[in-house]
Amino acid sequence: MSASTTNLTAVTEFILIGFSTNENMHMLHSGLFILIYFFALMENVLIIMIITLDKHFCTPMYFFLKNLSFLDLCLVTFTIPKSIANSLTHSDSISFPGCVAQVFLLMFLATAELNLLTVMCFDRYAAICHPLHYEVIMNVNMCVQLTAMSWLGGVLIAIMHTAGTFSLSYCGSNVVHHFFCDIPQLLAISCSENIIREIVPILISVVLDICCFIFITVSYAYIFSTVKKMPLTEGQSKAFSTCLPHLIVIVLFLSTGFSAYLRPISQTPSIFDLVISVFYTMAPPTFNPMIYSLRNNAIKKSLGMLLKGLFTQNH
């Protein structure tokens, strides 16, 4: 496709240049991505099934976990299959509507996920620090409202970013040095002199993300303070083993996202930029189920019963 265009409306597709054009690297890339996608898909689908089918999981924590698994399922699906298909077919193109959809979905899902992780932190704070008032604080209406606000916040941020990014002009190269359409790489190939229309939304998102992180950090400080006062060492160990991995995942998610979006824009990104993007698009959907759900004894027991039932039906 000729990239000599003076207006974004004339662009019908973008060219995604992923990790390498080398044949062996293409196979390694597609093989690793298939493996990651398979595990992330199976983990999140199993969690959604278990929490939906088992009536014992009708609590706020599992309601939020099911929503988190659904967001993770969507997050890992909107980038990896397209990248795998491009790698296997040696076709690196993505249509203009497809690129718009990827930008919108990335911002929507990533923002909604961070919002939901913040809500889940509040849920843990209420359960550990105010156990006697927990059922009053986290009633059904509150759970639904907090989840709806998480999703709505994601939609609003996604609209803001998508409008800002695709209101710019793309009159030079249409080659995106990434394995999916991401905002920093799109800004790098824009010929608009004034990219403030997208820089401002990025700064707004950063401020909101920092506010979420501060809320999460303060909540965990109160949680750890309360846990230290617990008389039973086993209870302390269980709380710390649950909360610390949650905090590590959130720090990794935010730090890699900030690194990708706040670095100076470069037209020739390094392999570091691609690896960083893997951490904030693929790591959460892959590791969240293990950290938040599959280490949970109740879910492991329910999973065992589900697999046993399926095995019995097949034989």
Side-chain angles (χ1 to χ4, degrees), residues 40-77 105 108-158 208 212-213 215-216 218-220 222-223 226-227 238-239 241-250 253 284-307 309:
L41 186 71
M42 291 301 296
E43 288 171 339
N44 288 290
V45 167
L46 279 174
I47 289 169
I48 292 171
M49 286 179 59
I50 290 169
I51 295 176
T52 302
L53 296 175
D54 195 328
K55 302 304 180 183
H56 293 96
F57 296 125
C58 293
T59 64
M61 181 179 74
Y62 294 111
F63 174 75
F64 295 137
L65 282 175
K66 184 164 73 169
N67 276 271
L68 181 67
S69 289
F70 181 76
L71 287 172
D72 281 336
L73 189 61
C74 295
L75 184 61
V76 81
T77 297
L105 288 171
F108 161 57
L109 295 168
T111 303
E113 176 149 332
L114 179 60
N115 293 341
L116 192 60
L117 289 172
T118 306
V119 169
M120 291 170 65
C121 180
F122 174 71
D123 174 66
R124 291 299 83 204
Y125 165 78
I128 295 174
C129 299
H130 302 282
L132 298 179
H133 302 92
Y134 177 71
E135 292 185 2
V136 176
I137 297 171
M138 301 304 296
N139 55 62
V140 175
N141 289 335
M142 177 62 76
C143 292
V144 172
Q145 288 172 10
L146 289 174
T147 304
M149 288 172 61
S150 299
W151 287 67
L152 179 60
V155 170
L156 294 176
I157 291 294
L208 293 175
C212 287
F213 180 69
F215 178 87
I216 290 168
V218 172
S219 297
Y220 274 123
Y222 279 108
I223 289 171
T226 302
V227 167
K238 182 179 179 181
S241 67
T242 302
C243 294
L244 284 176
H246 296 186
L247 194 56
I248 291 171
V249 168
I250 292 167
F253 184 52
T286 306
F287 293 111
N288 278 347
M290 290 183 282
I291 291 174
Y292 288 95
S293 302
L294 297 179
R295 294 168 70 247
N296 182 297
N297 289 328
I299 285 187
K300 285 194 289 187
K301 181 179 178 181
S302 183
L303 175 61
M305 293 175 63
L306 176 64
L307 294 177

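Counting from 1, the numbers follow the sequence of the chain as shown.
Within the model, atoms OG1 of Thr118 and CG of Leu114 stand 4.5 Å from one another, a figure rounded to the nearest 0.5 Å. In this structure, Met290 CE and Ile47 CD1 are separated by 9.5 Å, a value rounded to the nearest 0.5 Å. In this structure, CD in Glu135 is found 11.0 Å from CD1 in Ile137, a value given to the nearest 0.5 Å. Atoms CG and CG, on Leu65 and Leu116 in that order, are 8.5 Å from each other to the nearest 0.5 Å.
The side chain to side chain contact (heavy atoms under 4.5 Å, CB included) test applied to Ala40 returns Asn44, Val76, Pro285, Thr286, not counting sequence neighbours. With sequence neighbours left out, Ala110 forms a side chain to side chain contact (heavy atoms under 4.5 Å, CB included) with Phe253. With sequence neighbours excluded, the residues that form a side chain to side chain contact (heavy atoms under 4.5 Å, CB included) with Cys121 are Ile216, Ser219, Tyr220. Thr59 meets the side-chain hydrogen bond (donor to acceptor under 3.5 Å, both in side chains) test with no other residue; sequence neighbours excluded. The side-chain hydrogen bond (donor to acceptor under 3.5 Å, both in side chains) test applied to Asp72 returns Asn288, not counting sequence neighbours. Looking at residues two or more places apart in sequence or on another chain, you find a side chain to side chain contact (heavy atoms under 4.5 Å, CB included) between Cys74 and Phe70, Leu109.
Side-chain atoms of Met138 and Phe63, non-hydrogen and from C-beta on, never get closer than 4.5 Å to each other. A heavy-atom distance below 4.5 Å is found between the side chains of Leu68 and Glu113.
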| message | Thr111 vs Leu208, test: side-chain contact (heavy atoms from CB on, under 4.5 Å). Steps then yes/no. | response | CA-CA 10 Å; Thr111 303; Leu208 293 175; over 6 Å; no

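Heavy atoms only, all atoms of each residue included: Ser69 and Ile48 are closest at CB-CG1, 3.8 Å. Here the closest heavy-atom approach between residue Tyr134 and residue Arg124 is recorded as OH-NH2, 3.9 Å.
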Please list every donor-acceptor pair under 3.5 Å in which a side-chain atom of residues 141-151 meets a protein atom from a residue at least two apart or in another chain.
{"from": "Thr147", "atom 1": "OG1", "to": "Cys143", "atom 2": "O", "distance (Å)": "2.8"}
{"from": "Ser150", "atom 1": "OG", "to": "Leu146", "atom 2": "O", "distance (Å)": "2.9"}

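A donor-acceptor contact shorter than 3.5 Å is absent between the side chain of Asp123 and the backbone of Val119.
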